[in-house]
Amino acid sequence: MSAHPGHTGGKRLFSSPVFCSPLNDKLMKTSTQLTLRSGDSIPAVGLGMWKVSPGQSADLILAAAGAGYRHFDCACDYGNEQEVGSGFKRLFTSEGYSREEFWITSKLWNTFHRPEHVEIACRKSLDDLQLDFLDLYLIHFPIAQRFVPIEQRYPPGWIFDPAAPAPKMEFDRVPIIDTWRAMERLQQQGLTRNIGVCNFGTSLLRDLLASATIPPAVLQVESHPYLTQEKLLKFCQQEQIVYTAFSPFGSLSYHELGMASPGDNLLEVPPIPAIAAAHRKTPAQVLLRWGIQRGTSVIPKTSNQTRLRENLDVFSFELTDQEMQSISALNQSHRYNDPGHFCQTAFNTFCPIYE
Ligand code: NAP
């Protein structure tokens, strides 16, 4: 597995950031890219790959590239990296795209937090994705679980032993900084150009920043008008950490998992439909535009070819300050993706991380 030829180790980290500053507000409103502290640019809209079925994944990657996507959000835990990798292979061989045109993210699963397992997990994702390097490798959750060897079960998922009489999660005690040091080594080796974290709050970020040699480049968290996380966003902007919003449509992703109430659809909540009508855009486009205009990147998932194009077409209009404020005023600090809740319900295990 060769390192990325353009990788220059720690030097890239200290070039000055372009975004993540309130001073660049106007620029943030119009740019299709966000610049990381490394100097790399991440496309503001990416395609989320969670819950894309393996059978659909390769074709979806090709359709998305054809529609203009240059950013893909993948993870070991999504159970489709091999099929996504087949899509990438077709992109870079028969379709003639170059690897350098794309931003590809993957994530370290909870069972690989021990330092000796981090590189094994990253190389497995690279092999499955048929890549020589990632653009971004993220710690998926601040939750260390007991190691499950790749040859035993992959992806390992949340439950330690699905065949046990009462299956549940089993934890390990691994300090985040130990995992992070191993993540830093991946970047230094050129296996990934940037490293970051998901599902961290300000306390964990502060602690990580205090000890990290390479600060996290990106924080990926749930973010939509019902969960605006304004203090977290401001903290990231202050610390030059790009903030990526997952589940930008709020409840939509969680209906099929039984984790959202049927009537709880942000696309239909006032004032979203009226703002959409005023701009001749769809409610989904308004939600994505709101995310981009507040300086975050967004990674909507869709398996539908029409919606692929719709979700990328968010740079031809601008929300007014009043519209931005009225959407932000929907905030209820409501989290759909909360391990403190779903681990109890789905995995018979108490696993809070936010309180
Ligand atoms: P999402 O993108 O907010 O919502 C996806 C849902 O919205 C799907 O049901 C999709 O259905 C529907 N949809 C997509 N575009 C639409 C449109 N224009 N109009 C109406 N409905 C639309 O939710 P998500 O998948 O939870 O989050 C996005 C990505 O973030 C994930 O795929 C994953 O890559 C990442 N993520 C990361 C974490 C983490 O812990 N780091 C957690 C969750 C998610 P169709 O497919 O039928 O269009």
Side-chain angles (χ1 to χ4, degrees), residues 19 28-29 31-34 42-52 60 64 67-75 78 103 105 107 136 138 140 196 198-199 218-230 232-233 236-237 241-257 259-260 264-269 271-273 275-276 279 281-304 306-319 323-324 326-338:
F19 295 100
M28 286 197 296
K29 284 180 181 174
S31 180
T32 59
Q33 311 261 331
L34 296 172
I42 182 170
V45 180
L47 180 65
M49 297 303 294
W50 182 35
K51 294 194 256 97
V52 176
L60 189 67
Y69 283 81
R70 292 295 178 271
H71 170 180
F72 294 104
D73 186 73
C74 313
Y78 300 163
W103 182 279
T105 300
K107 308 188 189 87
L136 178 64
L138 300 168
H140 205 147
C198 306
N199 302 301
V218 170
L219 170 70
Q220 187 181 115
V221 285
E222 180 178 342
S223 196
H224 44 72
Y226 280 161
L227 183 68
T228 57
Q229 310 216 62
E230 270 143 32
L232 184 58
L233 173 57
C236 286
Q237 290 176 334
I241 299 169
V242 165
Y243 178 115
T244 295
F246 77 66
S247 304
F249 302 133
S251 65
L252 276 194
S253 172
Y254 299 94
H255 290 295
E256 63 189 277
L257 300 171
M259 289 161 66
D264 200 8
N265 184 348
L266 255 182
L267 300 185
E268 295 168 2
V269 170
I272 309 290
I275 293 175
H279 290 277
K281 291 285 170 187
T282 65
Q285 288 170 321
V286 168
L287 292 179
L288 297 177
R289 179 70 205 186
W290 170 83
I292 290 164
Q293 225 170 283
R294 68 200 289 257
T296 77
S297 63
V298 292
I299 45 170
K301 171 265 174 185
T302 183
S303 307
N304 173 297
T306 308
R307 292 197 278 272
L308 268 182
R309 290 182 187 278
E310 176 185 332
N311 293 347
L312 206 51
D313 176 19
V314 291
F315 298 102
S316 57
F317 70 111
E318 188 165 311
L319 300 171
E323 287 168 338
M324 288 294 291
S326 65
I327 297 171
S328 299
L330 293 173
N331 184 37
Q332 303 175 354
S333 299
H334 184 86
R335 198 183 296 280
Y336 293 96
N337 197 318
D338 182 352

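Just so you know, these numbers use all the heavy atoms, side chains as well, and skip hydrogens, waters and symmetry mates. Residue numbers count from 1 along this sequence. Computed from a predicted model, the values in this text were never measured in an experiment.
A donor-acceptor pair shorter than 3.5 Å can be found between the side chains of D73 and Q220. Side-chain atoms of S247 and W50 include no donor-acceptor pair closer than 3.5 Å. Checked by atom type, the side-chain pair S251/D264 shows no donor-acceptor distance below 3.5 Å.
With rounding to the nearest 0.5 angstrom, the CG atom of N311 is 8.5 Å from the CG atom of L47. With rounding to the nearest 0.5 Å, the separation of CD in Q237 from OG1 in T296 is 9.0 Å. Taking CG of D313 as the start and CZ of R307 as the end, the distance is 15.5 Å to the nearest 0.5 Å. To the nearest 0.5 Å, atoms OH (Y254) and CG (L252) are separated by 10.5 Å. Rounding to the nearest 0.5 Å gives a distance of 9.5 Å between CD1 of I275 and CG of L287. Between L219 atom CG and L232 atom CG the span is 5.5 Å, to the nearest 0.5 Å.
By the 4.5 Å heavy-atom criterion applied to side chains, S333 and N331 are counted as neighbours. Considering only heavy atoms from C-beta on, F72 stays 4.5 Å or farther from L60 through its side chain.
Partners of W103 according to the side-chain hydrogen bond (donor to acceptor under 3.5 Å, both in side chains) rule, which considers only residues two or more places apart in sequence or in another chain, are T105. Contacts of Y69 classified as ring pair (Phe, Tyr, Trp, His ring centres under 6.0 Å), with partners at least two apart in sequence or in another chain: none. By the side-chain hydrogen bond (donor to acceptor under 3.5 Å, both in side chains) test, T282 pairs with Q285, E310, sequence neighbours left out. In terms of the ring pair (Phe, Tyr, Trp, His ring centres under 6.0 Å) criterion, F249 has no residue partners (sequence neighbours excluded). Shown here are the side-chain hydrogen bond (donor to acceptor under 3.5 Å, both in side chains) partners of Y226, two or more places apart in sequence or in another chain: there are none. With sequence neighbours left out, the ring pair (Phe, Tyr, Trp, His ring centres under 6.0 Å) criterion links H334 to Y336.
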Original post:
Given E323 and H279, is the side chain to side chain donor-acceptor pair (under 3.5 Å) satisfied, shown in steps?
Top reply: CA-CA 11 Å; E323 287 168 338; H279 290 277; 2.8 Å; yes
**OP:** Might you work through the side-chain contact (heavy atoms from CB on, under 4.5 Å) test for H224 and L330, ending with a clear yes or no?
**Re:** CA-CA 9 Å; H224 44 72; L330 293 173; over 6 Å; no
Subject >> Test log, rule side-chain contact (heavy atoms from CB on, under 4.5 Å), inputs L267 and I272 >> reply: CA-CA 6 Å; L267 300 185; I272 309 290; 5.6 Å; no
Original post:
Passes side-chain contact (heavy atoms from CB on, under 4.5 Å), Y243 versus Q229? Steps please.
Top reply: CA-CA 11 Å; Y243 178 115; Q229 310 216 62; 3.4 Å; yes
**OP:** Assess whether side-chain contact (heavy atoms from CB on, under 4.5 Å) is satisfied between I42 and H71, documenting all intermediate values.
**Re:** CA-CA 7 Å; I42 182 170; H71 170 180; 3.6 Å; yes
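Across A276 and V286, no two heavy atoms sit closer than the pair CA-CG2, 3.5 Å. Heavy atoms only, all atoms of each residue included: S297 and T244 are closest at OG-OG1, 2.6 Å. Taking every heavy atom of both residues into account, V52 and G48 meet most closely at CG2-O, 4.1 Å. Shortest non-hydrogen contact noted between S328 and E230 is CB-OE2, 3.9 Å. Listed here is the closest heavy atom pair of K281 and S316: NZ-OG, 3.1 Å. When all heavy atoms of C74 and K107 are compared, the closest pair comes out as O-NZ, 3.1 Å.
A donor-acceptor contact shorter than 3.5 Å links the side chain of R289 to the backbone of F317. Proximity of a side-chain donor or acceptor of R309 to a complementary backbone N or O of G68 within less than 3.5 Å is not detected. Side chain of T228 to main chain of P225: no donor-acceptor pair is present (N/O by atom type, distance under 3.5 Å, no hydrogens or angles).
S253 pairs in a side-chain hydrogen bond (donor to acceptor under 3.5 Å, both in side chains) with only one of the listed residues (K301, K51, E222), which is K51.
Ring geometry for H140 against Y78 counts as perpendicular: the plane angle is over 60°, on a 0 to 90° scale with 30° as the lower cut.
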